[in-house]
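Structure first, then comments.
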Amino acid sequence: MKSLINAGVLPVHAHQGGPEKKTWTLIEKLLLGLTPGQYLGQALRNPFNWILGIIFAIGLPLMAYRFLFGLSVVTHSSNDYPWGLFLGFGLFCMVPLSASGFMLGTTVEIFGRHDFEPIERLALLNGLLGYFFAVVYLLVDLGQPWRLSYPMVVSFGPAAVLFLVAWHVATYLSVQIAEVSVAFFEWIGWLGGKRWVRRLTIGLTVSGIILSTLHQGALGALFLYSPGKVHPLWYSGAFQWIHFFVSSIPGGLCMVISVSTIVKYTMAWRCDDNFLDGLDRCTLGIAKGASMALITYFFIKMIGVAHDNEWGYLVTGWGYWFILEMFLGVVLPIFLFAYSIHNRIMWLVRATGFLTVFGVVLNRLNTALITFNWEIYQELPHIFEFIIAVTVFCIYIVVYRFILYRLPILYQWRDQPQEAVAKEAVSASASAPNAA
Amino acid sequence: MSAISRRRFLAASAAGCAATTLAGSKNALAAGSFTGYPDGMGVLVDLTRCIGCRTCEAACNKEQHLAAPDKPFDDMSVHDEIHHGQKRRPDENAYTVVNRYESESSAKPVYRKIQCNHCAEPACLTSCFVNAYTKTHEGAVIYNGKVCVGCRNCMIACPFNIPGYSYSSAFNPLVKKCIFCYDTRLKEGLPPACVESCPQQVMTFGKRTDLIKIAKQRIKNNPEKYVDHLYGEREMGGTHWMYLAGVPFADAGFNVHLGNEPILNNVKDFLGTVPMVLAIWPALFTGFHLLATKGKDGHGHGEDDTHHIDGEGDK
C-alpha cells in the first residue's frame with residue numbers, strides 16, 4: 001500500500017476522488033479507489049497476509065471439523081474443565097479488552113472532553129469488534145450454538161448471572177453498532193442516518209456505561225458459582241465483580257493504546273493528520289486514566305486478599321504465581337506509566353500499554369483456566385482447540401483491518417454528497433429568516 | 001368531603017404499602033432458609049455396608065439405556081483407575097460410579113457411590129440461563145435437553161462435579177447426569193434402579209425428613225461404627241442424597257470444605273446490585289454530563305447536537 005501511495009495513488013477518503021473527480025461507486029469504495037489489479041497486488045505483497053493465509057488454511061478446516069463432528073474432536077471433552085480456551089480466552093479476555101468503547105465514549109460525550117475525539121471512533125470500533133468476536137468464540141464453544149437466542153426468546157432463567165451477561169452483551173452490541181454506524185453512514189453518504197444516531201448519543205453512551213458496569217462485573221460474578229474451584233487468591237466472594245469491572249478499565253484503555261500503536265506503524269497511510277498529530281496527546285491522557293485504574297485495582301485486590309485473610313496463600317506456589325501476575329500486570333505498569341508519562345517517553349508509554357493488556361489477559365486466564373480446579377489437576381488445552389482459538393483471533397484481525405481501511409475511523413471524511421450539501425443550504429436559508 | 005376521602009385513601013394506601021413490605025420481608029426470610037420440599041424423597045447411602053460390587057452401576061446403565069462400558073461391570077480393576085490423578089467421576093456414559101478409598105481409620109477399604117446428590121437448592125439450576133433444570137416436589141433435579149444451549153455453566157457451578165456433557169455429539173450434545181430415575185420410577189413413587197438393585201441394602205429410599213431421623217438413630221445406636229456426621233444434611237444448603245460413613249468423610253473422597261450455604265447465596269449480593277445500577281446510573285451520568293459541559297464553549301459537535309442547545313437555552 002505504501003508503494004502505491006508513493007506512486008501517487010490516494011485511498012478513498014471522500015465521496016469524490018480520482019483523477020477525474022468522479023463520484024466513487026460502492027465497489028470502488030470497497031477497493032479503496034484502486035483498480036482490482038492494484039488491490040490484489042498490494043494484498044499479495046503484504047507478508048502478513050501470507051501468515052494469515054497459512055493460519056486459515058489449517059484453522060478453517062479444523063473449525064468445519066468441529067462443527068461437523070462435535071466438540072470432542074477438537075477439545076479434551078473435559079467434564080472438569082467445561083470452559084476451555086474458547087471461553088477462557090475468547091469471552092473472558094476479549095470482553096475486558098473491549099471496555100474501550102464505553103470508556104472513551106464517556107470521556108468525550110459525557111465529560112465533554114472533545115480533545116479525545118480523534119481516537120474516540122477507534123475505541124468504539126475496538127469495543128464493537130471485541131464483543132462481536134467474544135460472541136463468535138461463544139458460538140464455537142456452545143454445544144448447540146443455533147440455540148444462542150434461547151435465553152432471549154424461548155426459555156428464561158432470569159436468576160442466573162449468565163442470563164444477565166447474555167442480555168447485556170446482546171443489548172450492548174446493538175448500542176455499539178449504533179455508535180459505530182455514524183462512521184458507516186458517512187462512508188455510504190447517508191447523512192440523515194448519521195444525524196439521527198448523533199441525536200441519541202448521550203442516551204447510547206449512558207446505556208453503554210450501565211451495561212458495561214453490569215456485564216463486565218457479571219463475568220467476574222460467574223465465578224461466584226464455583227467458590228472452591230477457583231484458587232482463593234483469584235476468588236473474592238465479596239468483590240469478584242468489582243475486581244473484574246475495575247480491571248476492565250485499564251484493559252480497555254490499554255487495548256486502545258496498543259491498537260493505535262499498531263495502526264500508527266502499519267497503517268499510517270490511512271490515518272489523517274488530525275489522528276496522527278493528536279495521537280501522542282491522546283495516548284498520554286489514556287495512559288493517565290489507565291494508571292489511576294491500575295492503582296485502584298491494586299488496592300482493591302489487596303483488600304480482597306485481606307478481607308478473606310488469604311495472606312498465607314501468598315507464600316505457596318500459587319501465591320508466587322499470583323505475585324508474578326500482580327507484579328507484571330499491575331505494579332510494574334504503574335511505575336512504568338508514571339516514569340514514561342512524566343518524561344514523555346512515548347515508546348515506553350506504548351510498551352506499557354501492551355504490558356497491561358498482557359496483565360489483564362493473564363488475570364482472566366488464571367481465573368478461568370490456570371488456577372481453576374487448583375485442588376484437582378491442571379489441563380493443557382488440546383492443540384486443535386488452540387489452533388481454532390488463534391484462527392478466530394486472526395479473523396478478528398482481518399475484519400478489524402478491513403473496517404479500518406475503509407470507514408472513517410482513523411481519518412475524517414472530507415466531503416458531503418452534493419444533494420446533502422444542497423439540502424443543508426436550503427434548510428439553513430429557510431431557518432435564517434425565522435431566527436431573525 | 002373530598003378531603004376526607006383523600007385522607008382515607010392515603011391511610012388505606014399506607015396500610016397497603018406496609019402490609020406488602022412486611023409480607024415481602026417475611027417471604028425473603030423464608031426463602032433464605034429453604035431446605036427442600038417437605039415431602040421430597042431422598043436416599044440415605046450407608047457406606048459402611050458398601051462392598052464396591054458395582055451392581056448399582058450396571059442397574060443404572062440398563063435403566064437409563066446408556067452405552068455399554070469398556071470394561072464389564074464385574075471387572076473390579078476400575079477401582080484402581082486414575083485419570084489426571086483422580087478417581088473415576090460420573091460422565092455421559094455412567095450416571096453413577098463406585099470408587100474405592102483407603103483410610104487409616106479402617107483396615108478394610110471404603111467404597112463410595114457417587115451420583116447427583118439432588119440438592120435442595122441446586123447450583124446447576126441457579127446457574128442456568130434458560131431454566132433447563134427443575135427441582136421437582138418429589139425431590140429430583142431433572143433437566144430439559146430441549147432448551148439447553150450447551151454453555152456448561154451448570155458443570156462449572158456444581159460443587160460435587162457431577163454433570164457430564166456428551167461432547168462427542170455434533171448436533172445434539174446434552175448434559176448427562178443422574179435424574180433420580182424420575183421419568184421411569186420416582187414419578188410413580190418407586191425407588192431408583194440403583195437402590196433396588198443393591199444386594200447389600202446400602203441405600204434406603206424414603207422421605208428426606210424421615211431419612212435424617214433414621215440416620216441419626218443409626219449413629220446413636222452404633223456410635224463406634226459411624227462418624228458422627230450426616231453428609232448432605234446441611235452441605236450446600238442440604239441434599240436429597242445423604243451419606244453415613246465409618247471413616248472421616250475426607251478419607252472417602254468427600255469435599256468437606258463446601259460449607260452449608262447454597263451456591264445461590266454467593267451470587268445474591270451481585271444480583272441485588274443490578275437493579276440499583278440500572279436505576280441510579282442514568283441520572284448519575286446524565287448529571288455528570290450536565291455538570292461537566294453546561295455553559296462551556298467549544299464542546300459541541302455542531303448543529304446535530306440538539307442536547308447542547310437545551311442547555312444553552314436557560315443560561
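Scope of the values below: all heavy atoms of this structure, side chains included, with no hydrogens, waters or symmetry mates. Per chain, numbering begins at 1; letters A, B, ... match sequence-line order.
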Notebook entry, point to check: Relative to chain A, which segment of D269(B) carries a heavy atom at a distance below 4.5 Å: side chain, backbone, both, or neither?
Noted result: neither

Next item on the list: Just jot down the side-chain hydrogen bond (donor to acceptor under 3.5 Å, both in side chains) partners of Y95(B), sequence neighbours excluded, or say none.
Entry: none

Check: Would one find more than 12 heavy atoms of other residues, nucleotides or ligands at under 6.0 Å from atom CH2 of W196(A)?
Finding: no

Check: Among residues 79-88 of chain B, which residues come closer than 4.5 Å to chain A, judged by heavy atom distances?
Finding: H84(B), Q86(B)

Note to self: Taking side chain as everything from C-beta outward and backbone as N, CA, C, O, which of these in S77(A) sits under 4.5 Å from a heavy atom of chain B? Side chain, backbone, both or neither.
What the structure shows: both

Notebook entry, point to check: Counting only N and O atoms by type, is there a donor-acceptor contact under 3.5 Å from the side chain of H289(B) to the main-chain atoms of F111(A)?
Noted result: no

Check: Of the backbone (N, CA, C, O) and the side chain (C-beta and beyond), which part of F171(B) lies under 4.5 Å from a heavy atom of chain A, both, or neither?
Finding: both

Check: Is it true that a side-chain atom of K229(A) and a backbone atom of P159(B) form a donor plus acceptor pair closer than 3.5 Å?
Finding: no

Next item on the list: Name the region of N172(B), side chain, backbone, both or neither, that has any atom closer than 4.5 Å to a heavy atom of chain A.
Entry: both

Checklist line | Given L211(A), I209(A), V206(A), the one that forms side chain to side chain contact (heavy atoms under 4.5 Å, CB included) with W281(B) | finding: I209(A)

Check: For E379(A), is it the side chain, the backbone, both, or neither that has a heavy atom closer than 4.5 Å to a heavy atom of chain B?
Finding: side chain

Next item on the list: Evaluate the side-chain proximity of I156(B) to F372(A): yes if any heavy-atom separation is below 4.5 Å, no if none is.
Entry: yes

Next item on the list: Decide if atom CZ of F239(A) counts as having more than 12 heavy atoms of other residues, nucleotides or ligands within a radius under 6.0 Å.
Entry: yes

Next item on the list: Pick one of side chain, backbone, both or neither for T205(A), based on which atoms fall under 4.5 Å of a heavy atom in chain B.
Entry: neither

Notebook entry, point to check: Tell me, side chain or backbone of L271(B) under 4.5 Å from chain A's heavy atoms, or both, or neither?
Noted result: side chain

Notebook entry, point to check: Is the backbone of S78(A) close enough, under 3.5 Å, to the side chain of Y167(B) for a donor and an acceptor to pair up by distance?
Noted result: yes

Next item on the list: For the residue pair P173(B) and Q144(A), establish whether any side-chain heavy-atom pair is separated by less than 4.5 Å.
Entry: yes

Notebook entry, point to check: If you count heavy-atom pairs under 4.5 Å between each of A123(B), P282(B), P163(B) and chain A, which one has the most?
Noted result: P282(B)

Item checked: chain B contact via F156(A) - which portion, at a heavy-atom distance below 4.5 Å -> backbone

Next item on the list: Check whether any side-chain N or O of N266(B) sits under 3.5 Å from a backbone N or O of P227(A) as a donor-acceptor pair, and report yes or no.
Entry: no

Notebook entry, point to check: To the nearest 0.5 Å, what is the distance between OG1 (T273(B)) and CG (L214(A))?
Noted result: 6.5 Å

Item checked: Donor-acceptor contact below 3.5 Å, side chain R147(A) vs main chain G150(B) -> no

Note to self: I'd like to verify something: which residue of S169(B), S166(B), C158(B) has the highest number of heavy-atom pairs under 4.5 Å with chain A?
What the structure shows: C158(B)

Checklist line | Per-residue contact mode, A218(A) against chain B (heavy atom under 4.5 angstrom) | finding: both

Note to self: Looking only at heavy atoms and a cut-off of under 4.5 Å, which of N161(B), T126(B), N153(B) has the most pairs with chain A?
What the structure shows: N153(B)

Notebook entry, point to check: Which answer fits C151(B), side chain, backbone, both or neither, if we ask what part of it has an atom under 4.5 Å from a heavy atom of chain A?
Noted result: both

Notebook entry, point to check: More than 12 non-hydrogen atoms from neighbouring residues, nucleotides or ligands closer than 6.0 Å to NZ on K71(B), yes or no?
Noted result: yes

